[in-house]
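This report refers to the structure that appears directly beneath it.
What you see is a predicted model; the values in this text were computed from it and never measured.
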Amino acid sequence: MKSGERPKLVRGLRQESRRFRLLVIVVGFFLVSLTFVVISKPDAILFSLNGKLPVEQAPTSILIKQKVNSPPATSRKTPTDAFRGDPRVVDDEADVRPKGTKGEEEESRVLSEPDPTSGMTELTPNKDRGGRKSDEETLGGEGKGKEGEERGHAAEKHKVTLPTVSNYTIHDTEDTENGKQDDGTGPDLQGSKPLCDFSNFRANVCEMRGDVRVHPNATSIMFMEPAGSRRDELWKIKPYPRKGDEFCLSHITELTVKSSKVAPECTKYHDVPAVIFSLTGYTGNLFHDFTDVMVPLFTTASEFNGEVQFLITDMALWWTIKYHTVLQKLSKYPLIDFSKDDQVHCFKHVIVGLHAYMEFTIDSSKAPHNYSMVDFNRFMRGAYSLGRDTVTVLGQYPKVKPRLLIIKRHRTRMFLNLDEIIAMAEELGFEVVIDEANVSSDISKFARLVNTVDVMMGVHGAGLTNCVFLPQNATLIQIVPWGGLEWVSRTDFGNPAELMGLHYKQYSISVDESSLTEQYPRDHEIFKNPIAFHKHGFDFIRQTFMDKQNVKLDCKRFRPILLEALDNLNP
């Protein structure tokens, strides 16, 4: 061997030795990694980015055992689409719900809080953990065809169904420790109960428990079906309790309530229930403010003790200002204007529409927790911090006279001999108070006035609605105009008053006490058979017997009614 070739041979052997050692290291690292992947947690490698993929890259689903085709990114452009969220909105609090569980042997899993020591997100079995997420972490990532499929095959043996990315989030440790439950991944809380109940003659109501998405821009409320559900429901509802009144409901926004396995991403999560209702319809009339909204809203929302979120369609801002005291008593949270909101709100319990029964009345046999009008009367006194819960017993305070409030009207159904009525009442020992209640009245001020009296009287009309502020055992006297209006008068005010724990007296005027005698001859059919005119409809009844009639009370005939009211004040 030549002297110059030996050093070259030595260098070559050294290089080969280094390559061999490098190969051994690489193979060894590969074997160690493979052992970790196969034996330890093969699913973890799928989500090793600590949940920080951008929302626009989020896959719609990742189902190990089958190939998933992600929808094109352009399918999420329209914010009003009931099945798509606006990608520009940050998903700061999303609910959790697994999708597509297949077979009893497969195990649904959700992402747990990332291990701060490992920098990886751990997959753990779902055990009804909390539904809230940290503000900073939203899981996303676009599933990419071939790569996703290969990962799926690698973990096929484990039969794990992962939740749809848009339907789950990384949980906040604090919420998990506090025991918050994720209704979406737990049992089907809705059970076999339909989403909506349209059997009530007065109002349609939908109620959902579980994972519910409220999307105002799309006027839709979606109940996310749990795994294995075969529910397929779609309902149309106008959340105002005037069922059958087409004119009224023509001004109410129609909402869609449906079950779905696909929904827009949550952009705002709520841990309190929601009640959705409308403020248009006939609001603005004091009676309808109460019979259409106040009483039904109390019946529906009172059980939540203020821990409920109101979403209002067809918002009437002036109305919410007028009744802000009551609204704040029923809900501790700012009102959401349904028509101006672009979020996707996620709730675990949603009620669409209000429970309503007869006019200005609660049917305690059907109402939640058997609420009654006594409860409503107590609630209204409490909302306005009224001092008297019950009337003053006659004679308990010798120098204190019983107080009589006469509701005065200025345009229709007026008392034509008011001074004579006042004189007669004062002669019987009443302290008489005169006031008018109308839509522009300061309701808080008028409530305090009503609560100070023992008897309230007035001609049939919205002003009598203020009886909700009367103390228990007070007396309401309703003067019924001529025209066969006894039934509607008792329905509107008589029955509600008695159900509130008040005494009620109804006085129907005679022909001689009606101003209609100045418009029609005494032998006219309107005096002989007023009921016959009811066939012309309510508009005719209102114009003829309400808008064009005043009352001249026969004090001698009416006097016994006031005497009975005095007797009611005796123990």
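At a cut-off of 3.5 Å, with distance as the only test, no side-chain donor of Tyr384 or Lys329 sits close to an acceptor on the other residue. There is no side-chain donor-acceptor pair under 3.5 Å between Tyr240 and Asp314. If you check the side chains of Ser444 and Asp442, you find no donor sitting under 3.5 Å from an acceptor. In the model, Thr256 has a side-chain atom that pairs as donor or acceptor with a side-chain atom of Lys236 under 3.5 Å. Side-chain atoms of Lys243 and Asn204 form a donor-acceptor pair, as typed in the model, at a separation below 3.5 Å. Judged by distance alone, the side chains of Glu233 and Ser259 never bring a donor and an acceptor atom under 3.5 Å apart.
Smallest separation of non-hydrogen atoms from Val450 and Pro471: O-CD, 4.3 Å. Closest non-hydrogen pair, Trp318 versus Gly284, comes out as CH2-CA, 3.5 Å. Looking at every heavy atom in both residues, Met294 comes nearest to Val326 through SD-CG1, 3.6 Å. The two atoms that bring Val272 and Gln309 nearest to each other are CG2-N, 4.0 Å, heavy atoms only. Here the closest non-hydrogen pair linking Pro216 and Val214 is CD-O, 3.3 Å. For the residue pair Asn200 and Ala356, the shortest heavy atom distance occurs at ND2-O, 3.0 Å.
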*asked:* One pair to check against side chain to side chain contact (heavy atoms under 4.5 Å, CB included): Phe198 and Ile237. What are the steps and the verdict?
replied: CA-CA 9 Å; Phe198 282 17; Ile237 180 173; 4.3 Å; yes
*Between Phe298 and Met380, does a side chain to side chain contact (heavy atoms under 4.5 Å, CB included) hold up when you go through it step by step?*
CA-CA 10 Å; Phe298 166 82; Met380 292 303 298; over 6 Å; no
*Give the C-alpha distance, both sets of side-chain angles, the deciding distance and a yes or no for side chain to side chain contact (heavy atoms under 4.5 Å, CB included) between Val352 and Trp235.*
CA-CA 11 Å; Val352 184; Trp235 305 79; over 6 Å; no
*Given Arg213 and Asp211, is the salt bridge (Lys or Arg N to Asp or Glu O under 4.0 Å) satisfied, shown in steps?*
CA-CA 7 Å; Arg213 312 290 174 88; Asp211 182 354; 2.9 Å; yes
*side chain to side chain contact (heavy atoms under 4.5 Å, CB included) assessment of Ser372 paired with Ile362*: CA-CA 6 Å; Ser372 68; Ile362 300 173; 5.6 Å; no
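Side-chain atoms of Arg231 do not come within 3.5 Å of backbone N or O of Glu225 as any donor-acceptor pair. Looking only at distances, a side-chain donor or acceptor of Thr267 sits under 3.5 Å from a matching main-chain atom of Val344. No donor-acceptor pair closer than 3.5 Å links the side chain of Asp197 to the backbone N or O of Val205. Remark: side-chain polar atoms of Asn451 are not paired, donor with acceptor, to backbone N or O of Arg448 under 3.5 angstrom. Panel note: side chain Thr361, backbone Glu359; a donor-acceptor pair is recorded below 3.5 Å. The backbone N or O of Met358 sits less than 3.5 Å from a side-chain atom of Arg202, completing a donor-acceptor pair. Formation of a donor-acceptor pair under 3.5 Å by the Thr299 side chain with backbone atoms of Val295 is found in this model. Distance alone, capped at 3.5 Å, is enough to place a donor-acceptor pair between the Thr300 side chain and the Pro296 backbone. A donor-acceptor contact shorter than 3.5 Å links the side chain of Thr283 to the backbone of Thr280. Not one N or O on the side chain of Gln328 forms a donor-acceptor pair closer than 3.5 Å with the backbone of Tyr333.
Residues Leu330 and Val308 fail the side-chain proximity criterion, which asks for heavy atoms closer than 4.5 Å. Counting heavy atoms from C-beta outward, Pro239 and Thr313 have side chains that approach closer than 4.5 Å. The shortest side-chain heavy-atom distance between Trp319 and Met315 does not fall under the 4.5 Å cut-off.
Leu335 CG to Ile312 CD1: the interatomic distance, rounded to the nearest 0.5 Å, is 4.5 Å. Within the model, atoms CD of Glu303 and NE2 of His369 stand 4.0 Å from one another, a figure rounded to the nearest 0.5 Å. Atom CG of residue Asn495 and atom CZ of residue Phe360 lie 11.5 Å apart, to the nearest 0.5 angstrom. The distance from atom CE of Met500 to atom CZ of Arg378, rounded to the nearest 0.5 Å, is 13.0 Å. If you take CD1 on Ile221 and NE2 on His345, they are separated by 11.0 Å, rounding to the nearest 0.5 Å. Phe223 CZ to Leu195 CG: the interatomic distance, rounded to the nearest 0.5 Å, is 6.0 Å.
Taking the six-membered ring for Trp and the full ring otherwise, Phe469 and Phe446 have centroids separated by 6.0 Å or more. Taking the six-membered ring for Trp and the full ring otherwise, the centers of Tyr371 and His355 sit at least 6.0 Å from each other.
Take Cys467 and apply the disulfide (SG to SG under 2.5 Å) test, not counting sequence neighbours, and it matches no residue. In terms of the side-chain hydrogen bond (donor to acceptor under 3.5 Å, both in side chains) criterion, Asn370 has no residue partners (sequence neighbours excluded).
Ring geometry for Phe304 against His349 counts as perpendicular: the plane angle is over 60°, on a 0 to 90° scale with 30° as the lower cut.
Applying the side-chain contact (heavy atoms from CB on, under 4.5 Å) test between Phe310 and each of Thr320, Ile276, Leu297, Ile336 identifies Leu297 as the sole match. Partner Tyr323 forms a side-chain contact (heavy atoms from CB on, under 4.5 Å) with one of Leu279, Val293, Ile443 and no other, that one being Ile443.
The 12-atom threshold is exceeded at CG of Asp539, counting heavy atoms of other residues, nucleotides or ligands nearer than 6.0 Å.
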